[in-house]
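So you know, we letter chains A, B, ... as the sequences are listed, proteins then strands, and number each from 1.
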Amino acid sequence: MYHVIESRFRQTLRELIRRRYKADITVATERPPRLEMGELASPVCFELAKRLKRAPPQIAQEIAGAIGKIEGIARLEVAGGGYLNAFLERPAFFSAVLARAGKEAVAPAPDASKNIVEHTNINPNKAAHIGHLRNAALGDSFVRLLRHTGRRVEVQNYIDNTGVQVADVVVGFVHMERKTAADVRALAAQARFDYSCWDLYARVTQFYGEDPAREGLRGETLKDIEEGRGATAEIAEVVSTAIVRCHLRTMERLGVEYDLLPRESEILRLKFWDAAFEQLKQRGAIRLATSGKNAGCWVMEMSSAAGAQDPPGPDQDPDEDVKIIVRSNGTVTYVGKDIAYQLWKFGLLGRDFRYRRFHTHASGHTVWVSCADGGESGAPAFGKADQVYNVIDSRQSYLQNVVVAGVRALGFTAQADRSMHFSYEVVALTPRCAAEMGYELSAEDAQRSFVEVSGRKGLGVKADDLLDRLEAAARGEVDQRHQQAPEAEREAIAHAIAIGALRFFLLKYTRSTVIAFDFKDALSFEGETGPYCQYAVVRARNIFRKLHEQQPEFVLDTRGVLPRQEKIAQLLASPAGNDFWELALLAGSLGTHVDAAVGAQEPAFIAKYAFQLAQAFNNFYHKHHILSEEDAERKTFLLLLTSAIERQLVRALQLLGIEAPEKM
RNA sequence: GCGCCCGUAGCUCAGUCGGAUAGAGCGUCUGCCUUCUAAGCAGAGGGUCGGGGGUUCGAAUCCCUCCGGGCGCGCCA
């Protein structure tokens, strides 16, 4: 609601300035620091003053006089040496908020642009850990935000089922454990197979460390897997598929769903790389190095591909600033395969996967997986996106740049511009937490503010362990408060709280912040947390539940039968009604925050908003006892306000993937 | 060496296009449960926005420089 008025204000100002002063200015707007200065302001006259060489207040005065009526804005005022401050029509805003609060996302138009969001992407060789949870939480919330704004979105979770990490675990099963394919198949059917692989993976790292010659096993194994040969490939397939199922189950616990699992095995088998290689060669995007250290490799020039102005000088080593795409032995690097995959996402490769059903989420939604031949009918039209977001941690930004440079070098400039690396910093552990996990810290590590998670070393907090701990902690709190509630209900509440705490914790930090994980912070249910926000919703609902118990016939009519418009205007009028007005304003600002979050690709903005709204409501809840309100019109007004806040808060939490329980 | 990110209250972090008096949580201290649930509320205390220079009517925000920290830069992924 607020953003509608804001953009109307901007546009009107811009047009007036263009007409009257023949200047084309992007109009900035902001929230004034205090409510007495209005709800919306623009400092545009300061900018205009420079161009016109006149005093800002004078221009502001002129504009305020000439602008005329703007829908939703009651009046304009000039203040603070040249600001244009707008005062909104409070009752109109309030009724608009009542009418629209909590509305479902707009359904995407059939011709709406299509977005692909790739996230999660966990190597299928071990259990998911806390770092993977950040990736999935960010990706999933961003998907929710995009859908909320009416975009078509396809969620892909790329499975590197033929990579070294899977090969390492296969080495463990074959060469350390001496297992056959049938043995591994039996193990994979057991519970927590991802946990046993987690341990095995760490032991394989030690196994290599004890005798460097053993690393040769990795290469052989990898080759067998890539070429789909014998028991090795079978074991890799069994392991990776079983672990992908574990990952889906883990992510389902926090409400994360996918549309498609594209796998590296199909990228190989369906020769995606060959198609990309042809294009790259034809367009001269890569060249065969004939001399120097890269002799025999196909390389991509990074400086020219990235569109750098200055070509490499004569004194510059031609081997520098290139990226090897095809090794001298003819095998393609990971980046090469990624370029092919990126081209496919945009429908530029000229090839497609086959698809079959892989899993059905609890919601009934089907997850499809790529396959090389056969395939099932009924698959949606995957790929062919207009916009691609790759949710990958910041350590891979160089490689993401190479991929985009490859797309650009093929002449697909528009697609290169629409290839977004949704980058974020990793989750590390505080030294205290690492020690708590049984990890021996070096003196150096103990001094640091955080310690890197390492799957290879087996150092990390496993996602399911964390979820279990959160649910147990939440359950303890629920049991204290609701001894009479049935078991299943208590469990459901504890689950909702655990997810609320976890997802809020992972999403409240902006992407560029390294999260130093600590159980104490993550298990907190107080202060700036998910449960705090959920609790505000529960409080609001309790008012209505109690009201219904007292007066079963009472129906809150949101169409404004009660109270009278004059009464609403009076209750919202400054200064006495400022508290109510401030709440209505905040409740009506969800759209503004969603726009900002999508624009900045920053779900943290929504976490911040949800907390602010919850906090404002808690404050209001404490100050105004609604059910004991004697003035019937005022009571209804307070109920209407509460209802609007509750719906907007539920909506904001839903964008974060957090559900509010009925009780807490 | 080159590239990217970060440095804001004791701690952990917000601060979106440069805008009016720099905010929140935690922790500390003081109050508030006979009330629509205290997973809460109110109050107190806490700042050289890493240092220095510059641009600007205006800088935590932009530019330069220095200091401190993280990450990347492989015929690994």
| field | OP1 or OP2 of rG70(B) under 4.0 Å from side-chain N/O of Thr513(A) | value | no
| task | May I ask you to say what Leu547(A) touches in the nucleic acid, namely base, sugar-phosphate or nothing, with a heavy-atom cut-off under 4.0 Å? | result | nothing
| request: Kindly confirm or rule out a cation-pi arrangement of Arg469(A) over Phe519(A), judged by NZ or CZ under 6.0 Å from the six-membered ring centre and within 45° of its axis? | output: yes
| message | Glu477(A) vs Lys663(A), test: salt bridge (Lys or Arg N to Asp or Glu O under 4.0 Å). Steps then yes/no. | response | CA-CA 12 Å; Glu477(A) 299 289 328; Lys663(A) 268 185 207 169; over 6 Å; no
| said: Please give the distance between the C1' atoms of rG27(B) and rC33(B) as a whole number of Å. | reply: 24 Å
| task | Describe the nucleic acid contact of Arg448(A) in one word from base, sugar-phosphate, nothing, applying a heavy-atom distance below 4.0 Å. | result | sugar-phosphate
| query | When rounded to the nearest Å, what value does the distance between P atoms of rU65(B) and rC29(B) take? | reply | 47 Å
| query | Looking across every strand, which nucleic acid part, if any, lies under 4.0 Å from Ala41(A) by heavy atom: base, sugar-phosphate, or nothing? | reply | base
| task | Pick base, sugar-phosphate or nothing for Asn85(A), based on heavy-atom distances below 4.0 Å to the nucleic acid. | result | base
| Got more than 12 heavy atoms from elsewhere within 6.0 Å of NE2, His548(A)? | no
| Among rC41(B), rA39(B), rU16(B), which nucleotide sits nearest the side chain of Asn619(A)? | rC41(B)
| Could you give the CG-to-P distance, from Asp579(A) to rC41(B), as a whole number of Å? | 15 Å
| request: Find the distance Lys293(A):NZ to rG74(B):P and express it as a whole number of Å. | output: 7 Å
| Got Thr642(A) and Ile626(A) here, is their nearest side-chain heavy-atom distance under 4.5 Å? | yes
| task | Kindly determine whether Val169(A) and Val204(A) satisfy side-chain contact (heavy atoms from CB on, under 4.5 Å), including the steps that lead there. | result | CA-CA 7 Å; Val169(A) 170; Val204(A) 171; 5.8 Å; no
| said: Heavy-atom nearest nucleotide on RNA chain B for Met664(A) versus Ala295(A): which residue maps closer to 5'? | reply: Met664(A)
| In whole angstrom, what separates Leu523(A)'s CG from rA39(B)'s C1'? | 14 Å
| said: Over all strands shown, is Ala596(A) touching base, sugar-phosphate only, or nothing at heavy-atom distances under 4.0 angstrom? | reply: base
| task | Identify whether any heavy atom of Ser328(A) sits under 4.0 Å from a base atom; if not, whether one sits that close to sugar-phosphate; answer base, sugar-phosphate or nothing. | result | base
Protein and nucleotides 31-36 of chain B: nitrogen or oxygen contacts under 3.5 angstrom:
unit_1, atom_1, unit_2, atom_2, d
rC36(B), N3, Ile626(A), N, 3.2
rC36(B), N4, Tyr621(A), O, 2.3
rC36(B), N4, His624(A), O, 2.5

| Under the 3.5 Å Watson-Crick or G-U criterion, the dot-bracket string of RNA chain B, with | for inter-strand pairs | (((((((..((((.....[...)))).(((((.......))))).....(((((..]....))))))))))))....
| request: Go through Val391(A) and Phe142(A) one step at a time and tell me if the side-chain contact (heavy atoms from CB on, under 4.5 Å) criterion holds. | output: CA-CA 10 Å; Val391(A) 181; Phe142(A) 189 58; 5.8 Å; no
| said: Under 4.0 Å, counting only non-hydrogen atoms across every strand here, what does Asp160(A) touch: a base, just sugar-phosphate, or nothing? | reply: sugar-phosphate
| OP1, OP2 of rC41(B) versus side-chain N and O of Tyr532(A): anything below 4.0 Å? | yes
| message | In whole Å, measure the gap between the P atoms of rA9(B) and rG50(B) for me. | response | 8 Å
| query | Expressed in angstrom and rounded to an integer, what is the separation of Lys608(A) atom NZ from rG25(B) atom P? | reply | 9 Å
| What is the nucleic acid contact for Tyr398(A), judged by heavy atoms within less than 4.0 Å: base, sugar-phosphate only, or nothing? | sugar-phosphate
| Within this structure, what is the CD-to-P distance between Glu602(A) and rC5(B), rounded to whole angstrom? | 14 Å
| query | For Tyr83(A), which contact category applies under a 4.0 Å heavy-atom criterion: base, sugar-phosphate, or nothing? | reply | base
| task | Report which part of the nucleic acid Val478(A) touches: base, sugar-phosphate, or nothing (heavy-atom distance under 4.0 Å, all strands). | result | base
| note | Here the distance between atom C1' of rC76(B) and atom CG of Leu222(A), to the nearest Å, is 10 Å
| Would Asp168(A) and Tyr208(A) count as having a side-chain donor-acceptor pair, cut-off 3.5 Å? | yes
| field | Between rC26(B) and rA39(B) - P atom distance, rounded Å | value | 14 Å
| request: Give Ser394(A) one of three labels, base, sugar-phosphate or nothing, depending on what nucleic acid heavy atoms sit under 4.0 Å from its own. | output: nothing
| note | Judged by whether its glycosidic angle lies within 90° of 0, rC62(B) is anti
| said: Quick one, Phe46(A) with Tyr83(A), criterion ring-ring contact (aromatic ring centres under 6.0 Å, His included). Give me CA distance, side-chain angles, the key distance, then yes/no. | reply: CA-CA 8 Å; Phe46(A) 296 107; Tyr83(A) 281 94; 5.1 Å; yes
| query | Does Glu452(A) or Val164(A) map to a spot on RNA chain B nearer the 5' end, using the closest nucleotide for each? | reply | Glu452(A)
| remark: Picking from rG72(B), rC75(B), rC57(B), the nucleotide nearest the side-chain atoms of Arg395(A) would be rG72(B)
| query | Looking across every strand, which nucleic acid part, if any, lies under 4.0 Å from His548(A) by heavy atom: base, sugar-phosphate, or nothing? | reply | nothing
| Tyr334(A) vs rA77(B): side-chain N/O to OP1/OP2 distance below 4.0 Å | no
| request: Considering only atom P, compute the distance from rA20(B) to rU16(B) and round it to an integer number of Å. | output: 11 Å
| said: Between P on rU12(B) and CD on Glu425(A), what's the gap in Å once rounded to a whole number? | reply: 16 Å
| So, Thr331(A) side chain and Arg327(A) main chain: donor-acceptor pair closer than 3.5 Å or not? | no
| field | side-chain N/O Arg31(A) vs rG23(B) OP1/OP2, d < 4.0 Å | value | no
| field | Among rA14(B), rA39(B), rG19(B), the one nearest Ile497(A) by side-chain distance | value | rA39(B)
| said: In whole Å, measure the gap between the P atoms of rG7(B) and rU28(B) for me. | reply: 27 Å
| said: Quick one, Phe87(A) with Glu77(A), criterion side-chain contact (heavy atoms from CB on, under 4.5 Å). Give me CA distance, side-chain angles, the key distance, then yes/no. | reply: CA-CA 8 Å; Phe87(A) 294 77; Glu77(A) 207 171 70; 3.5 Å; yes
| query | Checking all strands, does Ala55(A) fall into the base, sugar-phosphate, or nothing category for heavy-atom contacts under 4.0 angstrom? | reply | nothing
| message | Tell me if the centroids of the rings in Tyr532(A) and Phe611(A) come within less than 6.0 Å of each other. | response | yes
| said: Looking only at the side chains, is there a donor atom on one of Arg456(A) and Tyr201(A) sitting less than 3.5 Å from an acceptor on the other? | reply: yes
| Which part of the nucleic acid, if any, lies within contact of Gln615(A), taking any heavy atom under 4.0 Å across all strands shown: a base, the sugar-phosphate backbone alone, or nothing? | sugar-phosphate
| Full working for salt bridge (Lys or Arg N to Asp or Glu O under 4.0 Å) between Glu452(A) and Arg395(A) | CA-CA 12 Å; Glu452(A) 194 188 1; Arg395(A) 292 174 302 187; 2.9 Å; yes
| Nearest-angstrom distance from the residue atom CD of Gln601(A) to C1' of rU16(B) | 13 Å
| field | Proximal nucleotide (of rA77(B), rC75(B), rC6(B)) relative to the Ser512(A) side chain | value | rC6(B)
